[in-house]
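Counting convention: from 1, in listed order, for ligands and their atoms alike. All values below were derived from every heavy atom in this structure, side-chain atoms included, with hydrogens, water molecules and symmetry-related copies excluded.
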Amino acid sequence: MSVQSEVEMKFSDSLVAFIEEWKNKPGNLIMILHKVQEEFGYIPREAAKRVASMLDVPLAKIYGVVTFYHFFKLTKPGKHNIQVCMGTACYLKGGEDIIQELENILGIGVNQVTPDGQFSLEAVRCVGCCGLAPVMVIGDEVFGKLTKEQLPEILAKFQES
Ligand code: FES
């Protein structure tokens with residue numbers, strides 16, 4: 001099955017309806033790309049092409065927006081996306097050390113995915129629980145008051161799932 005047909009298959013009715021609804025409204029591109037990322041976890045090239053044709057805008061315009069806003073991802077995240085908070089409180093409590101340790105353990109840098117597709121690593125802004133700094137989020141689980149020593153065990157738990 002080609003990537004294109006795979007993506008087209010997964011363009012849900014609700015996504016198509018959303019695009020139709022926003023097509024002619026101001027700020028539509030951002031709203032639509034948010035929705036696309038919600039559906040796929042990132043902005044696949046074939047999805048970007050399809051949005052471009054549905055909105056009748058050049059593909060370059062879509063990529064202009066996607067690359068300008070750091071929120072949008074162009075590569076598929078790992079099965080478990082690790083977000084390390086680099087907001088002020090977490091930074092001051094050693095968020096950078098957490099990132100470095102994760103890079104060592106996983107053998108990847110920030111914004112990369114492990115070769116087995118299990119983990120991806122992101123540095124994010126304040127996730128809203130500064131009292132627990134330093135904080136890391138994997139999926140919907142929040143790990144607070146984190147130490148480097150806890151990381152191998154936490155990762156092992158996700159590796160199995
Ligand atoms: S700075 Fe990390 S949760 Fe707020």
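Side-chain atoms of Glu122 and Asn111 include no donor-acceptor pair closer than 3.5 Å.
In summary, the atoms of ligand 1 found under 4.0 Å from a heavy atom of Cys85, numbered by their order in the structure, are 1 (S), 2 (Fe), 3 (S). Below 4.0 Å from some heavy atom of Gly87 lie the following atoms of ligand 1, by number and element: 1 (S). With ligand atoms numbered from 1 in the order given, ligand 1 contributes 1 (S) to contacts under 4.0 Å with heavy atoms of Ala89. Close approach to Val127 involves these atoms of ligand 1, each under 4.0 Å from a residue heavy atom: 3 (S). Interface of Cys126 with ligand 1, defined as ligand atoms under 4.0 Å from a residue heavy atom, comprises 1 (S), 3 (S), 4 (Fe). For ligand 1, the atoms lying closer than 4.0 Å to a non-hydrogen atom of Gly128 are 3 (S).
With a 4.5 Å cut-off on side-chain heavy atoms, Glu103 and Ile108 do not count as touching. Taking 4.5 Å as the limit, every side-chain heavy atom of Val66 sits out of range of all side-chain heavy atoms of Tyr42. The shortest distance between side-chain heavy atoms of Cys129 and Val127 falls below 4.5 Å.
Atom CZ of residue Phe40 and atom NZ of residue Lys35 lie 12.0 Å apart, to the nearest 0.5 angstrom.
Taking 2.8 Å as the criterion, Cys129 does not count as a coordinating residue of atom 2 (Fe) of ligand 1, since none of its N, O or S atoms falls below it.
The backbone and the side chain of Cys130 each have at least one atom closer than 4.0 Å to an atom of ligand 1 (non-hydrogen atoms only).
Classification of the His80-Phe158 ring pair by plane angle, with boundaries at 30° and 60°, yields perpendicular.
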